[in-house]
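Note sheet for the following structure.
What you see below is based on every heavy atom in this structure, not just the backbone, and it leaves out hydrogens, waters and symmetry mates. In listed order, ligands and their atoms are each counted from 1.
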Amino acid sequence: MQFTNILLEIESRIATVTFNRPKALNALNQETLLEALACFRELKNNDEVQVVILTGSGTKAFVAGADIAFMRELTPLTARNFAFLGQKVMNTIEGLGKPVIAAVNGFALGGGCELAIACDMRLASDNAKFGQPEVNLGVIPGFAGTQRLPRIIGKGRASELIFTGDMIDAAEAYRIGLVNRVVPQDQLLLACQAIAARIISRGPVAVRLSKEAITNGMEMDLARACAYEADQFALCFASPDQKEGMEAFLEKRTPRFQGK
Ligand code: DAK
């Protein structure tokens with residue numbers, strides 16, 4: 001698939017999706033979001049891909065937010081559609097059925113921060129900066145940042161970031177649990193690829209079912225979430241990978257998972 005504002009590379013079962021509008025610090029306009037939606041839908045159905053890495057082109061920005069020049073012209077109705085489109089992109093990442101790692105290589109602001117927090121985990125380069133600066137523009141986060149951010153870093157910290165619009169650096173993002181790890185910029189993709197390779201060596205069905213259990217379970221109360229987890233656990237026993245994984249352990253050998 002060819003896109004104008006997105007680069008897609010697939011190698012060793014890892015798809016790397018790069019937001020590529022460097023002149024606007026990879027800001028998200030409608031065209032970019034439509035391309036992202038098409039790209040993630042294609043990756044969802046591509047059995048060759050087991051893990052996705054999301055990043056931004058250049059060394060300065062992951063994604064510096066929704067495109068402000070584009071947003072300036074919106075009416076209430078087109079703004080609503082734009083918010084729904086962005087939310088659809090984030091929901092598609094969550095429902096992708098395979099892990100998505102954000103390689104945050106610079107500014108992750110507004111819609112860029114919202115994109116990063118829709119991913120399953122975030123690794124940051126040491127120059128990364130995070131923030132929800134929408135209040136500086138007279139709007140609120142529109143791609144579900146008011147919902148996902150408190151779920152990840154807690155209500156108090158999310159409220160501070162959203163009400164002040166302040167940026168935080170990678171070290172602070174690590175301290176508050178917004179990112180899993182901070183690495184030098186030239187090692188960021190390698191670090192993400194190393195995690196991706198470890199995930200790929202595990203049982204693909206189990207990885208998929210655990211992503212579903214985490215993502216969907218977090219939206220349920222504990223009792224329902226535990227029941228849901230039990231169903232996902234039970235489903236693993238429909239997969240040859242479960243038999244292979246357990247037999248390999250007992251035979252003291254490396255499992256050969258088939259991903260079904
Ligand atoms: N949109 C458009 N262009 C952007 C941009 C953005 N978000 N961020 C940067 N650019 C452009 C700049 O305009 C500049 O373009 P030229 O002047 O060269 O043509 C170029 O990228 C380089 O930026 P700077 O010259 O500003 O670079 P600096 O190093 O000086 O500053 C910066 C970097 C990231 C601190 C600064 O660019 C900045 O503050 N950018 C804006 C960050 C921001 O506010 N992002 C959040 C956007 S708000 C909703 C839907 C969605 C949302 C809200 C509501 N509904 C529909 C309800 C989401 C909102 C957001 O994401």
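Taking Asp186 as the reference, nothing meets the salt bridge (charged side-chain N to carboxylate O under 4.0 Å, His left out) condition, with sequence neighbours excluded.
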Protein N/O near ligand 1 N/O, under 3.5 Å, which pairs?
{"residue": "ligand 1", "atom": "1 (N)", "partner": "Ile68", "partner atom": "N", "Å": "2.9"}
{"residue": "ligand 1", "atom": "7 (N)", "partner": "Ala64", "partner atom": "O", "Å": "2.9"}
{"residue": "ligand 1", "atom": "7 (N)", "partner": "Ala66", "partner atom": "O", "Å": "3.0"}
{"residue": "ligand 1", "atom": "21 (O)", "partner": "Lys23", "partner atom": "O", "Å": "3.3"}
{"residue": "ligand 1", "atom": "27 (O)", "partner": "Lys60", "partner atom": "NZ", "Å": "3.4"}
{"residue": "ligand 1", "atom": "29 (O)", "partner": "Lys60", "partner atom": "NZ", "Å": "2.6"}
{"residue": "ligand 1", "atom": "45 (N)", "partner": "Ala64", "partner atom": "O", "Å": "2.9"}
{"residue": "ligand 1", "atom": "61 (O)", "partner": "Ala66", "partner atom": "N", "Å": "2.7"}
{"residue": "ligand 1", "atom": "61 (O)", "partner": "Gly111", "partner atom": "N", "Å": "2.8"}

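Between Val49 and Ala15, the shortest heavy-atom contact is CG1-CB, 3.7 Å.
Taking the charged nitrogens against the carboxylate oxygens, Arg224 and Glu229 have no contact shorter than 4.0 Å, which rules out a salt bridge. Taking 4.0 Å as the cut-off between side-chain N and carboxylate O, Lys129 and Glu172 do not count as a salt-bridged pair.
Between Phe143 and Phe82, the ring center distance clears the sub-6.0 Å criterion.
Leu115 has its side chain within reach of Leu54: a pair of non-hydrogen atoms, C-beta onward, lies under 4.5 Å apart.
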